[in-house]
Amino acid sequence: MTVRGLSIDNLHVRVGETDILHGVTLHVPEGEVHALMGPNGSGKSTLAYTIMGHPAYTVTKGSISLNGTPLVELSPEERARLGLFLSPQYPTAIPGVTVVNFLRAALRGLGKELPARAFLAKLSQTMASLHMDESFRGRYINDGFSGGEKKRTEILQMALLEPAFAVLDETDSGLDVDALRTVAEGVNRVRTPELGILLITHYNRILEHLKPDVIHLLYRGQIVATGGPEMAQEIEKSGYAPFIGTSAEPEPMGAHHGN
Amino acid sequence: MAIDAEHLSKEYQYGFHDEDASVFRTEKGLSEDVIRAISARKKEPEWMLRFRLKAYRHFMARPMPSWGADLTGIDFDNIYYYVKPTDQQGRSWDEVPEQIKSTFDKLGIPEAERKFLAGVSAQYDSEVVYHNIKEGLEKQGVIFSDCDSGLREHEDLFRKYFSTIIPPNDNKFAALNSAVWSGGSFVYVPPGVHVDIPLQAYFRINSDNMGQFERTLIIADRGSYVHYIEGCTAPTYSADSLHSAVVELIALEDAHIRYTTIQNWSNNVYNLVTKRAVAQAGATIEWIDGNLGSKVTMKYPSIYLMGERAHGEVLSAAFAGSGQHQDAGAKCIHVAPNTTSNIVSRSISKGTGRTSYRGHIVVNEKADNVKCNVRCDALLLDETSRSDTYPYMDIKNPNVEIGHEASVSKVGEDQLFYLRSRGISEQDATALIVNGFFEPFVKELPMEYAVELNRLLAVQMDNAVG
Ligand SMILES: Nc1ncnc2c1ncn2[C@@H]1O[C@H](COP(=O)(O)OP(=O)(O)O)[C@@H](O)[C@H]1O
Ligand SMILES: [Mg+2]
């Protein structure tokens, strides 16, 4: 029997010469929203990139699987074709590639190409719901975009690509209250009973919109606490300190080398 | 514009080769006799023969350029300097011989004509065989013909401007062209006439070991406008071919000339071209120059800004695959005050490919209040690819505004990852990044050429295995 959802088991990850993750175990069943929190430098983005298969991150031990399919040996595009989606913390600009051409290429790559008319209609409608001006489709993706524009564009992509599992890395960071609501509503609009989400965030605010089932706390490359939605409120109130000991400061880079 | 994977073809796309239907060609190699034979064959006036012979002496006297790209592979004795494919120029499509027609079919020329052409001037080997000028142009008094006809039919006008901005002794390859030139286009636009449709010429080398030395002369009289488009496609051969053209543009007061080149020589061609323009007061010159293919390209379109308020633009894009060297650039010479220029260069190197940007900006003492902006960006696709920038500035007037920006970047791991994380294959992701990098250039092209360029780029990307 396959386990539906994203399963991470005893994951160890190295970047360059540095071990960053030291045995992360996490299971997000399909249809659930799990929040991943933790001080800066804990390894949250490292986990996100590793799930998606960024070549700079090496899995030294452990496994990741989506709906029972092991991911570690797969290329990023193969993972995407299994339905995985990552909204990175800092989306990359690709000068000269327009939003519309980017999306078309992505749909083609995923084998989900739509007839031109249907595609453009869906694009217009989704952009309108995200309060994005039509002119955005002709802009070069993430090139000169403000933080908020980048995040909206990520949700636009998610809405059109319809993933089975989404990792959203600080998609709420740097957004004002209205923008946050727009983005959160955008995510809710694409939710299906099957869509699983791993939501990396520092703030309770987005969690009020997205209602996570479980909160995980990552610290120094390990999950140090797991709890219900109330845990996010405690973190909001008292910071990370009560969960991780005396200091919420991240360790200096490379100071900790795992086992 | 995205590249479809299915368009990627392993073969050099235009590498087909028609059986040679030439009816006359000179012997291999160059001599005074060969030049006399060319001139006699063309029934040229005496002054042109003397011009050719003088140029030949310059050519012989000058050493090979030692700067720039490696030219040691050129064997001047192993080249046919003149090949005439048919006896007659076909005026209409029906008159063009069947075999040549099929070549044009492969190049898609009739289609292009159907689409938006006024006149298609296609060069098959050294002579223009098919030439069709729409009546509207003739009514406006626009002359658009091959250069040989220009000399024959408009000798006074031709002689007044011919070689006035690129003298035969300008450089070794301009001298060679001056000695053996054949074909190319002659364009004259009368005062105030705006030519609405781009004038297009297709150039094509078809004879093994045959140099092609076309000569183009464009004169835009006061207040006129013309856009000339040159596309080049050579078939693939084992022996190296030489292409050495000379292009002269003359924009009189307030005239505007845009000259677009999409060049895609096969990977054994030496492409050594001299392009120069003068802009009189209030005139604008634009060179839009795309260089794909060839073994070596050396080409530095230049603009002499002779009158006040004259403006020059050079927008170039180059792609060098393994074994290729694109040594390109631009020159702007500000002679008059209040003149402006803008140079944008984008180049991509793949495998062992190499691109160079060679720029030269001159501001004369009397040229007050000049504005000049240079921006060159290079993209490297592999560890083995290379790009260099050689910007020279010669500023003799302190009252100038000059901007220069240059960058060399590698295709970013993060860019590739971002695209791949959306389900796009690594190959398609690279193609998207490459196309995006050329976008500022591509968006200046008419639609058909933009599509064509992206297709050629896809083929080059695929061929240039590192
Ligand atoms: N590409 C990288 N190269 C070197 N170090 C990295 C890289 N990515 C992350 N790190 C290091 O890994 C640690 C965790 O970083 P990150 O995963 O970005 O944490 P978070 O997202 O929780 O703030 C930090 O010490 C960071 O400097
Ligand atoms: Mg992070």
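Order of the sequence lines fixes the chain letters, A, B, ..., with proteins taken first and strands second; residue numbering starts at 1 for each chain. Just so it is clear, the model here is predicted, and its values are computed rather than measured.
- Interface summary for chain A: among Ile433(B), Ile424(B), Asp414(B), Leu416(B), the most heavy-atom pairs under 4.5 angstrom belong to Ile424(B).
- For Tyr90(A), no part lies near chain B; criterion is any non-hydrogen pair under 4.5 Å.
- Contact annotation: the side chain of Pro95(A) approaches that of Gln415(B) to within less than 4.5 Å [non-hydrogen atoms, C-beta and beyond].
- Distance check, rounded to the nearest 0.5 Å: OG of Ser425(B) to CD of Glu78(A) gives 11.0 Å.
- Counting heavy-atom pairs closer than 4.5 Å to chain B, the top residue among Gly53(A), Gly109(A), Pro76(A) is Pro76(A).
- Side-chain atoms of Glu413(B) and His54(A), non-hydrogen and from C-beta on, do get closer than 4.5 Å to each other.
- Remark: the Asn142(A) side chain and the Tyr418(B) side chain contain an N/O donor-acceptor pair separated by less than 3.5 Å.
- Per-residue counts of heavy-atom pairs under 4.5 Å with chain B were compared for Ile141(A), Leu84(A), Val100(A), Leu86(A); the largest is that of Leu86(A).
- Glu426(B) contributes atom CD, which lies 8.5 Å from atom OG of Ser75(A) (distance to the nearest 0.5 angstrom).
- Expressed to the nearest 0.5 Å, how far CD1 of Ile51(A) lies from OG of Ser421(B) amounts to 13.0 Å.
- Other residues, nucleotides and ligands place more than 12 heavy atoms under 6.0 Å from the CD atom of Glu134(A).
- Smallest separation of non-hydrogen atoms from Leu432(B) and Ala105(A): CD1-CB, 3.8 Å.
- The shortest side-chain heavy-atom distance between Leu419(B) and Ile94(A) falls under the 4.5 Å cut-off.
- Here Tyr57(A) and Phe417(B) keep their ring centres 6.0 angstrom or further from each other.
- A salt bridge between Arg422(B) and Glu154(A) is present, with a side-chain N of the basic residue lying under 4.0 Å from a carboxylate O of the acidic one.
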